Amino acid sequence: MAQEHTSVLLNESIDLLNIKSNGIYVDCTLGRAGHSAEILKKIDQGHLYAIDQDIEAIAISRKKLETISSNFTILEGNFADIKVLLSLNGIKKVDGILYDLGVSSPQFDKADRGFSYRFDSELDMRMDQKNTKLTAKEVINTYDEKQLADIFFQYGDEKFSWNIARKIVEKRKIKEIKTTFELVDIIKECLPQKVLKQKKHPAKKVFQALRIYVNNELEVLKRSLSNSLELLKPGGVIAVITFHSLEEKIIKDIFKTKTTSQEDKFLSKLPVRMEAKKDFELVVKRPVLPGEKELEENRRAHSAKLWAIRKVGE
């Protein structure tokens, strides 16, 4: 049975958005509408725009949201195109934007999507199966040893990336590597016993790396965040839930750039304390983490962190 998707840091993220009943909000990662539903409940005069590129998720979430209110519009597409998608609906500025990054539980739990090392299925890993052409199977069977090793190390921090890449190239000469379990078996062959005995699944890092690469997740996130910052009204908030260090680094770097200036270094040297005028400020100095209760009830919350930035204004 597929595990029902439970939204991580749900109440905390909604609280940080500081939702106004007549505001315009964007959920960049609709998924199964956990966060969208809570936003919709709070905007009786406002409007919610929810973005997703998964047709199945859109169909399921639309029905859920319709039971709450009609004040929503689902935009089919990639959140990298947030400005264009909103502009096509006449929206230039918004009061808040939410990102819940990573793959939703149903995507992990549905065997034929090829995201999970727990099910045997064809290697796919595309979040948008309609518009994305590159699959994990193509990467595994056509990329050279160095390309594979670089992907596994850069996006998965896999220490045995070269061993795994070499073995993949060796195996595919005999037979095409088609399924998740075939890849898992190859990965296991390359790892020492001390790694295989650890609690974490031995294929976790490689599968994460392939998913990020196939969907170009990091570049998409950078582009989307840059556009989202331009869309905020004064007082508007962007809240982001991350699940791994690569996402965290992007958020920290962009938020730091937007909340500091060259003037800060100069003003810090003055005898009288002065602060440079900034367009953005951090809502929380450190990321918000799930509480003990959530960690006990939702295993996918363990690596989650919530970040937020506000446009300075009213």
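The shown structure was predicted, so the numbers you read here are calculated from the model rather than taken from an experiment. As a basis for the values below, the full set of heavy atoms in this structure was taken, side chains included, without hydrogen atoms, waters or symmetry mates.
A continuous path of Ile, Leu, Val, Met, Phe, Trp and Tyr side chains, each step under 4.5 Å between heavy atoms, connects Val284 with Leu98, placing both in one hydrophobic cluster. Clustering ILVMFWY residues whenever any of their side-chain heavy atoms sit less than 4.5 angstrom apart, transitively, puts Val206 in the very cluster that holds Leu134. Under the 4.5 Å side-chain heavy-atom criterion for grouping Ile, Leu, Val, Met, Phe, Trp and Tyr, Phe153 is not connected to Tyr213 through any hydrophobic cluster. At a threshold of 4.5 Å between side-chain heavy atoms, the hydrophobic network of Ile, Leu, Val, Met, Phe, Trp and Tyr places Leu196 and Phe160 in one connected group. Clustering ILVMFWY residues whenever any of their side-chain heavy atoms sit less than 4.5 angstrom apart, transitively, puts Ile251 in a cluster other than the one holding Leu289.
More than 12 non-hydrogen atoms from other residues, nucleotides or ligands lie less than 6.0 angstrom from OH of Tyr143. Counting non-hydrogen atoms of neighbouring residues, nucleotides and ligands closer than 6.0 angstrom, the NZ atom of Lys93 exceeds 12 such neighbours. For CD of Gln45, the number of neighbouring non-hydrogen atoms (other residues, nucleotides, ligands) closer than 6.0 Å is greater than 12. Other residues, nucleotides and ligands place no more than 12 heavy atoms under 6.0 Å from the NZ atom of Lys178.
Between the side chains of Asp124 and Thr135, no donor N or O sits under 3.5 Å from an acceptor N or O. Checking Asn78 against Asp81 by side-chain atom types alone, no donor-acceptor pair falls below 3.5 Å. Side-chain N/O atoms of Ser228 and Tyr99 include a donor and acceptor closer than 3.5 Å. In summary, the side chains of Ser87 and Lys92 do present a donor paired with an acceptor at a separation below 3.5 Å, with no hydrogens or angles considered.
Residue Val8 comes nearest to Glu294 through the heavy atom pair CA-OE2, 3.2 Å, listed as atom of the first residue, atom of the second, then distance. Minimum interatomic distance between Lys258 and Ile309 (heavy atoms only, all atoms of both residues): CB-CD1, 4.1 Å. Annotation for Tyr25 and Lys20: closest pair OH-N, 2.7 Å, computed over non-hydrogen atoms. Here the closest heavy-atom approach between residue Leu148 and residue Val139 is recorded as CD2-O, 3.5 Å. Of all the heavy atoms in Leu48 and Ile43, the pair that sits closest is N-CD1, 3.6 Å. Here the closest heavy-atom approach between residue Val214 and residue Met125 is recorded as CG1-O, 4.0 Å.
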- Message: Quick one, Lys222 with Glu219, criterion salt bridge (Lys or Arg N to Asp or Glu O under 4.0 Å). Give me CA distance, side-chain angles, the key distance, then yes/no.
- Response: CA-CA 5 Å; Lys222 290 176 188 176; Glu219 291 306 313; 3.3 Å; yes

- Task: Take Thr179 and Ser121 through the side-chain contact (heavy atoms from CB on, under 4.5 Å) test and state the conclusion after the steps.
- Result: CA-CA 5 Å; Thr179 71; Ser121 66; over 6 Å; no

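By the ring-ring contact (aromatic ring centres under 6.0 Å, His included) test, Tyr49 pairs with His47, sequence neighbours left out.
Under 4.0 Å is where a charged nitrogen must lie from a carboxylate oxygen, and between Lys311 and Asp279 no such pair does. Salt bridge Lys41/Glu38: present, at least one basic N to carboxylate O contact under 4.0 Å. Between Asp54 and Lys130, no side-chain nitrogen of the basic residue sits less than 4.0 Å from a carboxylate oxygen of the acidic one, so the salt-bridge criterion is not met. A salt bridge links Lys293 with Glu297; the closest basic N to acidic carboxylate O contact falls under 4.0 Å.
When Asp15, Asp100, Ile14, Ile241 are each tested for a side-chain contact (heavy atoms from CB on, under 4.5 Å) with Leu9, only one passes: Ile241. Among the candidates Glu189, Glu176, Glu182, the single residue satisfying the salt bridge (charged side-chain N to carboxylate O under 4.0 Å, His left out) test with Lys171 is Glu189.
For Ser224 (side chain) and Val220 (main-chain N/O), no donor-acceptor pair under 3.5 Å exists by modelled atom type.
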